[in-house]
Amino acid sequence: MIVVKTRKALKKAIRGLRRQGKTVALVPTMGALHDGHVTLMRSAWKHADVVLVYIFVNPRQFGPNEDFDRYPRPWKKDVAICRAEGIDLLYAPSLEDVYPEGYGTNVSVEGMSEELDGAYRPGHFDGVATVLTKMFMRLQPDVALLGEKDYQQLQVVKKLVHDLDLPMKIIGVPTVREASGLARSSRNQYLNEEQKNAASTLYAAMKKAAETIRKGGDIQEALDVGKQALLSAGFKKIDYFELRDAVALAPITMLKKPARLLAAAYLGTTRLIDNIAVNPGRQRLK
Ligand code: AMP
């Protein structure tokens, strides 16, 4: 595995791969790698000859009171995971390399970035769209694999690639969960044991609401029951627990097309997000 930290070294490595005619898959990450990231890496081999991973904790997608400074950065462990997975190239640029002094361009995907997480984390999706645009230009992948765990992000990035005619494909990978149902996340390590137990209620409540809605139950009532279950389990603040159109993420009041139940809620100071599919006719929970 080649580990590159500078743009110059990256350019050389990418040129080499292109010269050999290899197709390239990219797995973008912020590090603190877990089974979710590993699943993206393993899926990537189905789509390209070589697999690149980048690790960059992107300050532009964190709000001023969020966890940028304390976000976990277990560099040695991350390198070992990438190596064990047979990753061809790991790119880990510095902050200055990505945003040199005087940097001033923002990429904004309108129509989807202001909703849900965007309403509670202003500028978050601009930060995501900006860093991914830069990384897509630098790494020139044929495909990039993103997790459904961050479903709104996945839809924003699909729209970004479509709107900007980027010559690449975005592939969504189903959410990897712990046995309890809790979606794997680098932020789960902020939770203590008690909170970890309570956290599994998020998936359980979403699953129950999704089943009720799928069977034709009242949507608002099902969502209210779900929210109540979260509060009873010890969640302190629920940012949203909503049913949306699965592609445009527009609010819906009837289940006619594939939908997505999306939720964000706090356990202590840790904000958890999750989502599941709610399809009319045939149930498909992930
Ligand atoms: P992050 O390092 O948190 O920015 O995540 C990097 C990528 O891994 C994103 O595309 C995430 O959606 C994806 N990811 C994170 N957790 C999971 C999970 N539990 N299952 C599947 N993909 C995930």
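Residue numbers start at 1 and run along the sequence shown. Start at 1 and go down the list; that is how both ligands and their atoms are numbered.
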Quiz item: Can Lys169 and Asp142 be counted as an ion pair, charged N to O under 4.0 angstrom?
Solution: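 Salt bridge: no.
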Practice problem: Check ring-ring contact (aromatic ring centres under 6.0 Å, His included) between Tyr103 and all other residues, then give those that pass, not counting sequence neighbours. | Solution: Tyr99
Quiz prompt | Where Leu267 and Gly234 come nearest, the two heavy atoms and their spacing | solution =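 So the minimum-distance heavy-atom pair works out to CD2-O, 3.6 Å.
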Practice problem: Cation-pi check, Arg177 to Tyr203: give yes when NZ or CZ is under 6.0 Å from the six-membered ring centre and within 45° of the ring axis, no otherwise. | Solution: yes
Exercise. Identify, with sequence neighbours excluded, every residue that meets side-chain contact (heavy atoms from CB on, under 4.5 Å) alongside Ala264.
Key: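 In terms of side-chain contact (heavy atoms from CB on, under 4.5 Å), with neighbours along the sequence ignored, Ala264 is linked to Asp117, Asp239, Tyr240, Arg271, Ile273.
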Practice problem: Report all protein residues having a heavy-atom distance below 4.0 Å to some atom of ligand 1; order the list by chain, then number. | Solution: Pro28, Thr29, Met30, His34, Gly36, His37, Leu40, Tyr71, Leu146, Gly147, Lys149, Asp150, Gln153, Pro174, Thr175, Val176, Arg184
Quiz item: So which residues get pulled into Ile171's cluster when ILVMFWY side chains under 4.5 Å apart are joined, directly or through others?
Solution: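 Reading the cluster by chain and number, Ile171 sits alongside Met1, Val3, Val27, Leu33, Val38, Leu40, Met41, Trp45, Val51, Val53, Ile55, Trp75, Val79, Ile81, Ile87, Leu90, Val143, Leu145, Val173.
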